[in-house]
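To start, the structure under review is shown below, and the notes come after it.
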Amino acid sequence: MKKGQIYEGIVEEVLFPNKGIVKVEDRYVQVKHTLPGQKIRFQVNKVRNQKAQGRLLEVLDLSQIEDKKTDCPQFGQCGGCNYLNVSYENQLELKKNQVKKLLDEVCQEYEFEGILASPVTKGYRNKMEYSFGDEVKDGPLSLGLHKRGSFHDILNAHTCELVHPDFNQIVACTREVFGALYEQGKVSFYHNLSHEGYLRHLLVRRGTKTGEYLVALVTTSQMQPDLTEWKEQLLQLHLEGKIRGILHFTNDSLADVVKSDSTQILYGTDYFMEELMGLEFKVSPFSFFQTNTLGAEVLYQTAREYIGDTKDKVVFDLYSGTGTIAQVLSPVAKKVVGVEIVEEAVEAARENAARNGLSNCEFIAGDVLKVLDDITEKPDLIVLDPPRDGIHPKALRKIIDYGVDHLVYISCKPTSLARDLVILQEKGYRVERVRCVDMFPMVVHVESVVLMSRADK
């Protein structure tokens, strides 16, 4: 087998995340964006030892689980959705089996409790980051999502099914206003290779329960156009919800990420309000908040069940974001200490706790790896909700050294979870229960909640 060769084969299984396995010539090849049972044609793009990777060229025969019609005109081209053509029941089964396979390889004698569905499967995303660019070289201005497998081509987002219809109105309005300026040569979009241009991203966040929107335009400082028309056009939209704030972020960094070197409030406030499990939360532009609010309630109810009795206990909530888990636990705990690296999220968490009348929450801004050295209190229970890459090995060792009887690990990436569970088990913990919660219908990702206890208890 050599790079560049073209083969056909049947996808035997799909590993997390979205890695189809095809056997050809006594070798297993990984091909992304496939489903089990599909017959595909692919081109080999990497061969190393006994491993190989391929690029999907064509689906020759459909999988049996491709049992749902989709009306999205960009499905298969857009890098967003993967499972729009798969019934939700089959999506859940696929994700459940992927997580169980990973954990079975590293855990023994644990109780796997299946997967819980998201309460909604469409319009659930409360946050989107859109990019400016063009669909074809030197074509009209685009505003939407990256084309699958491309760092440069941007597909216009017209009728995305993952978001509330208000999002599509906001995107269309923004594209129309700046598209006209682009045609007149008054603005340009940012080119990642040359690092020249003005328009970079559009950030839209929504309070699912409150209907409040935060809209932010992200640009470089290379041009200074008047943004008044854009603001006024947004405020005239007939939305189901209400725009709480319109912001302008300046970002001159080379990285293709949504961030702000400076922030200008064009209208309203720089935050919106959301409700979760009976509590109110102030959410700022860069605060971490689960992208599926209704799904988050299912996730946190599972976490609370796994955590169990917290009366008279000190709980550490590590990687605490805006303090959602901490505040859910606060009424039934002695004290909750949250640690989060994003300072504005910590500020929001403190405000949220005060707003909800919770006086036994402490939130600390900083890297978990460093902050744990300075906290004098000792926890009775630790809740972990790290980012996708999991927990830094040195931080994990410090967490283990506390020797708490129980840990609850909430994971958004099963492969990182499996890696961390190996270390936790080597250091004296055993996995008791695992339950998956689907927070991302139509997409490959899935959340997992794990209860661990010390093996000597």
Side-chain angles (χ1 to χ4, degrees), residues 125-129 201 203-210 212-216 218 244-245 247 249 251 253 255 257-263 265 269-277 279-293 295-297 299-300 303 315-330 335-356 358-372 374-375 382-392 395 399 409-413 439 447:
R125 284 196 63 95
N126 56 34
K127 175 186 176 183
M128 288 291 284
E129 296 176 355
H201 299 97
L203 170 67
V204 184
R205 302 194 70 167
R206 173 179 182 253
T208 301
K209 300 284 190 69
T210 63
E212 295 185 352
Y213 284 89
L214 200 62
V215 183
V218 186
R244 179 73 181 250
L247 312 176
F249 298 151
N251 172 20
S253 70
V257 295
V258 174
K259 64 185 291 289
S260 175
D261 298 332
S262 63
T263 300
I265 300 176
T269 64
D270 61 352
Y271 64 88
F272 66 97
M273 300 302 300
E274 180 59 301
E275 299 171 6
L276 189 71
M277 298 184 73
L279 300 172
E280 290 186 347
F281 292 91
K282 173 184 175 182
V283 185
S284 53
F286 299 106
S287 295
F288 173 77
F289 199 87
Q290 293 285 358
T291 55
N292 180 346
T293 303
E297 294 187 321
L299 179 71
Y300 294 147
V315 181
F316 278 12
D317 175 16
L318 305 183
Y319 313 95
S320 55
T322 50
T324 45
I325 296 176
Q327 292 176 67
V328 167
L329 296 178
S330 174
K335 184 177 181 179
V336 183
V337 178
V339 180
E340 168 59 45
I341 196 169
V342 180
E343 290 191 19
E344 81 170 41
V346 173
E347 293 173 6
R350 290 168 180 160
E351 288 187 41
N352 292 331
R355 178 178 287 104
N356 291 311
L358 304 174
S359 58
N360 62 337
C361 292
E362 178 184 357
F363 295 100
I364 302 171
D367 187 339
V368 168
L369 175 61
K370 299 177 181 178
V371 169
L372 291 182
D374 300 324
I375 300 178
I382 296 177
V383 180
L384 305 165
D385 190 4
R388 289 194 187 278
D389 289 338
I391 304 170
H392 190 286
I399 291 165
Y409 192 137
I410 302 171
S411 168
C412 58
K413 188 177 181 182
M439 300 274 287
E447 296 267 347

Show the nearest heavy-atom pair for residues [X] and [Y], with the distance to one decimal.
X: E340; Y: V342; answer: OE2-N, 3.1 Å
X: A348; Y: S287; answer: CB-OG, 4.1 Å
X: K259; Y: V218; answer: O-CG1, 3.9 Å
X: S284; Y: E344; answer: OG-OE2, 2.8 Å
X: T322; Y: N352; answer: O-ND2, 3.7 Å
X: C412; Y: E447; answer: CB-OE2, 3.3 Å

Step by step, work out the ring-ring contact (aromatic ring centres under 6.0 Å, His included) result for Y319 and Y409.
CA-CA 11 Å; Y319 313 95; Y409 192 137; 8.7 Å; no

Rounded to the nearest 0.5 Å, what separates atom [atom1] in [X] from atom [atom2] in [Y]?
X: F316; Y: L372; atom1: CZ; atom2: CG; answer: 7.0 Å
X: L299; Y: M277; atom1: CG; atom2: CE; answer: 9.5 Å
X: R355; Y: R350; atom1: CZ; atom2: CZ; answer: 15.0 Å
X: S320; Y: I341; atom1: OG; atom2: CD1; answer: 11.5 Å

Sub-6.0 Å ring centroid separation between F272 and F289:
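For F272 and F289, the ring centres are not under 6.0 Å apart.
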
Not counting sequence neighbours, which residues clear salt bridge (charged side-chain N to carboxylate O under 4.0 Å, His left out) with E212? List them please.
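E212 satisfies salt bridge (charged side-chain N to carboxylate O under 4.0 Å, His left out) with R244 only.
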
Start with the C-alpha gap between E274 and T293, add the side-chain angles, then the distance that decides, and say whether side chain to side chain donor-acceptor pair (under 3.5 Å) holds.
CA-CA 9 Å; E274 180 59 301; T293 303; 3.1 Å; yes

side-chain contact (heavy atoms from CB on, under 4.5 Å), that's the test. Do L214 and L247 meet it? Break it down for me.
CA-CA 8 Å; L214 200 62; L247 312 176; 4.2 Å; yes

Check this for me, if you would: do K209 and E297 make a salt bridge, where the nitrogen-to-carboxylate-oxygen distance has to be below 4.0 angstrom?
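Salt bridge present between K209 and E297.
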
Show me, pair by pair, the donor-acceptor contacts under 3.5 angstrom made by side chains of residues 359-366, not counting sequence neighbours?
unit_1, atom_1, unit_2, atom_2, d
N360, OD1, S330, OG, 2.2
N360, ND2, S330, O, 2.9
N360, ND2, A333, O, 2.9
N360, ND2, K334, O, 3.4
E362, OE1, K335, NZ, 2.9

Would you sort out whether L318 and I382 count as a side-chain contact (heavy atoms from CB on, under 4.5 Å), showing the intermediate values?
CA-CA 7 Å; L318 305 183; I382 296 177; 4.0 Å; yes

Residues two or more places apart in sequence or in another chain: which of them pass ring-ring contact (aromatic ring centres under 6.0 Å, His included) with F288?
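In terms of ring-ring contact (aromatic ring centres under 6.0 Å, His included), with neighbours along the sequence ignored, F288 is linked to no residue.
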
Assess whether side-chain contact (heavy atoms from CB on, under 4.5 Å) is satisfied between I325 and Y300, documenting all intermediate values.
CA-CA 7 Å; I325 296 176; Y300 294 147; 3.3 Å; yes

Assess whether atom CD of E343 is packed by more than 12 heavy atoms of other residues, nucleotides or ligands within 6.0 Å.
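Not more than 12 within 6.0 Å, no.
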
Taking N126 for its side chain and T291 for its backbone only, find out whether a donor-acceptor pair lies under 3.5 Å.
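It does hold such a pair.
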
Are I399 and L384 close enough, and set up right, to give a side-chain contact (heavy atoms from CB on, under 4.5 Å), and what steps lead you there?
CA-CA 10 Å; I399 291 165; L384 305 165; 3.6 Å; yes

